[in-house]
*Asks:* 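I'd like to ask you about the structure that follows.
Protein chains get the first letters and strands the later ones, always in sequence-line order, with residue 1 at the start of each.
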Protein chains: 2
Amino acid sequence: MINNFKPTKSIGLTKINYFRIMLSKKTKYGLKALTYLARHQNDEGLVSIGDIAKCEKISRKFLESILLSLKKAGFLNAKKGKGGGYYLIKEASEIKMVDVFRVLEGPIAMLPCVSLNYYEECQDCPDEKSCGLHKLMIEVRDNTLKIFRNHTLQDLV
Amino acid sequence: MINNFKPTKSIGLTKINYFRIMLSKKTKYGLKALTYLARHQNDEGLVSIGDIAKCEKISRKFLESILLSLKKAGFLNAKKGKGGGYYLIKEASEIKMVDVFRVLEGPIAMLPCVSLNYYEECQDCPDEKSCGLHKLMIEVRDNTLKIFRNHTLQDLV
DNA sequence: CTTAATCCTACTTAACCGATAGGATAAAGG
DNA sequence: CCTTTATCCTATCGGTTAAGTAGGATTAAG
């Protein structure tokens with residue numbers, strides 16, 4: 001095991017769970033890989049999974065699936081066979097954080113009834129427009145979205 | 001089972017997980033209970049778990065543990081025995097969302113290295129100050145915090 | 001002393017995250 | 001053509017969590 005996964009921690013009596021709310025390793029690794037690609041692809045052209053996994057200390061097999069997702073999502077492309085590897089399709093400055101997060105992490109909203117892309121009707125709320133929690137979560141979502149839209153991969157390079 | 005928990009859903013090829021990032025039922029129920037208390041405690045004085053669970057359609061036993069947490073955190077108090085129940089200690093307008101969230105949901109930051117209350121050094125990042133992801137997450141945290149600090153239970157009533 | 005409420009500890013179940021395993025496919029180069 | 005080396009794909013495992021459940025201990029009113 002390369003990385004110790006510490007989902008919970010106890011401080012005094014209260015148990016903190018970093019598990020939820022927190023960024024998944026999938027997203028973290030994906031961002032690392034994208035950053036690595038943006039840094040190295042110009043020199044050598046193609047970058048292999050093995051290189052990234054080694055340099056960034058990421059489980060190789062896990063990284064495989066992540067890069068595959070990113071490929072399917074249209075961020076990068078791959079060349080198979082000997083001497084193959086991955087390369088970014090877009091410029092780093094054109095890869096928005098919001099898009100990466102949606103692919104790797106999922107919905108940005110904290111409630112389905114507040115999600116732009118994956119909206120789902122609230123089960124136990126008769127009227128969304130008069131729901132205080134709904135309003136609050138809309139506000140949080142909009143602020144987070146704004147930040148993720150204004151940042152690109154270039155900011156991490 | 002009172003509430004159907006649908007953690008995952010497939011849309012086309014992509015699997016969406018509402019599980020992470022999303023607000024837990026614990027927090028949702030806790031907020032509902034607090035709102036219920038704020039609405040009803042003036043009339044009858046004490047409000048029992050059973051009443052809240054019934055009206056808000058929440059699993060009674062689960063609600064018990066949530067209210068216990070809220071009591072230990074100092075939001076409300078209880079009177080045991082016949083005719084007993086819960087009552088808010090503070091005014092609804094004095095109960096900040098940020099405090100409720102910290103108790104029920106945990107850290108607000110998306111990374112331990114960005115958490116104000118539960119900071120933990122980043123494992124795979126040599127220098128936090130030069131880390132782009134760190135900066136991004138600080139920005140998200142600050143915006144979310146700002147919103148949660150500016151809202152109170154009164155906004156949900 | 002019965003009733004009715006909170007308090008407390010432990011357990012169950014389904015799901016997911018992170019990681020692994022094993023092979024299928026594809027391309028380069030001798 | 002065949003070996004090597006890379007991505008692609010499916011399936012599974014172990015550990016952990018959220019959500020809910022069970023059963024009783026404690027406390028207080030009437």
*Asks:* In whole angstroms, how far is the P atom of C:dT13 from the CZ atom of B:F62?
*Replies:* 18 Å

*Asks:* With sequence neighbours excluded, what pairs up with A:Q154 under the side-chain contact (heavy atoms from CB on, under 4.5 Å) test?
*Replies:*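 So A:Q154 forms a side-chain contact (heavy atoms from CB on, under 4.5 Å) with A:A92, A:S93, A:T152, A:V157.
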
*Asks:* Output one letter per nucleotide in nucleotides 21-30 of chain C: B when a protein non-hydrogen atom lies under 4.0 Å from the base, S when only the sugar-phosphate is that close, - when neither is.
*Replies:* BBB-BBBB--

*Asks:* Which residue, A:L67, A:L104, A:L76, A:I52, forms the side-chain contact (heavy atoms from CB on, under 4.5 Å) with A:L34?
*Replies:* A:L76

*Asks:* Do any side-chain nitrogens or oxygens of B:S59 fall under 4.0 Å of OP1 or OP2 in D:dT21?
*Replies:* yes

*Asks:* Can you check the A:L37 CG to D:dT7 C1' distance for me, whole Å?
*Replies:* 14 Å

*Asks:* D:dG20 C1' sits how many Å from B:L63 CG, rounded?
*Replies:*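 In whole Å, D:dG20 C1' and B:L63 CG are 12 Å from each other.
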
*Asks:* From the list C:dA19, C:dC7, D:dA19, which nucleotide is the closest neighbour of the side chain of B:S24?
*Replies:*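 Selected nucleotide (nearest to the side chain): D:dA19.
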
*Asks:* Can you pull out every side chain to side chain donor-acceptor pair (under 3.5 Å) where at least one residue sits in residues 126-137 of chain B? Sequence neighbours excluded, please.
*Replies:* B:Y119-B:E128, B:D127-B:S130

*Asks:* With a 4.0 Å limit, can you tell me whether A:Y86 has a side-chain N or O closer than that to the phosphate oxygens OP1/OP2 of D:dC8?
*Replies:*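 It does, given that an N or O in the side chain of A:Y86 lies less than 4.0 Å from OP1 or OP2 of D:dC8.
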
*Asks:* Name all residues meeting the side-chain hydrogen bond (donor to acceptor under 3.5 Å, both in side chains) criterion together with A:T35; count only those two or more places apart in sequence or in a different chain, and write none if there are none.
*Replies:*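 Counting only residues at least two positions away or on another chain, A:T35 forms no side-chain hydrogen bond (donor to acceptor under 3.5 Å, both in side chains).
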
*Asks:* Just how far, in rounded Å, is C1' of C:dA4 from CD1 of B:I49?
*Replies:* 12 Å

*Asks:* Students often get this wrong, so: under 4.0 angstrom with heavy atoms, is B:L67 touching a base, only sugar-phosphate, or nothing?
*Replies:*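 Counting heavy atoms under 4.0 Å across all strands, no contact is made by B:L67.
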
*Asks:* Side-chain donor-acceptor pairs under 3.5 Å in residues 79-89 of chain A, sequence neighbours left out?
*Replies:*
none

*Asks:* Is the phosphate of D:dC8 approached by A:K71 (side-chain N or O, under 4.0 Å from OP1 or OP2)?
*Replies:* yes

*Asks:* Show every ring-ring contact (aromatic ring centres under 6.0 Å, His included) that has at least one partner inside residues 89-114 of chain B, sequence neighbours left out.
*Replies:* B:F101-B:F148

*Asks:* Counting just side-chain N and O atoms, does A:Y29 come under 4.0 Å of either OP1 or OP2 of C:dG18?
*Replies:*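 So the side-chain polar atoms of A:Y29 never come under 4.0 Å of the phosphate oxygens OP1 or OP2 of C:dG18.
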
*Asks:* Please determine whether a side-chain nitrogen or oxygen atom of B:R60 lies at a distance below 4.0 Å from atom OP1 or OP2 of C:dT6.
*Replies:*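 So the side chain of B:R60 is within the cut-off, an N or O lying under 4.0 Å from OP1 or OP2 of C:dT6.
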
*Asks:* To the nearest angstrom, how far is A:K72 atom NZ from D:dC8 atom C1'?
*Replies:* 8 Å

*Asks:* Could you tell me how far apart B:I66 (CD1) and C:dC7 (C1') are, to the nearest whole angstrom?
*Replies:* 15 Å

*Asks:* Within the 4.0 Å heavy-atom criterion, would you say B:K28 contacts the bases, only the backbone, or no part of the nucleic acid?
*Replies:* nothing

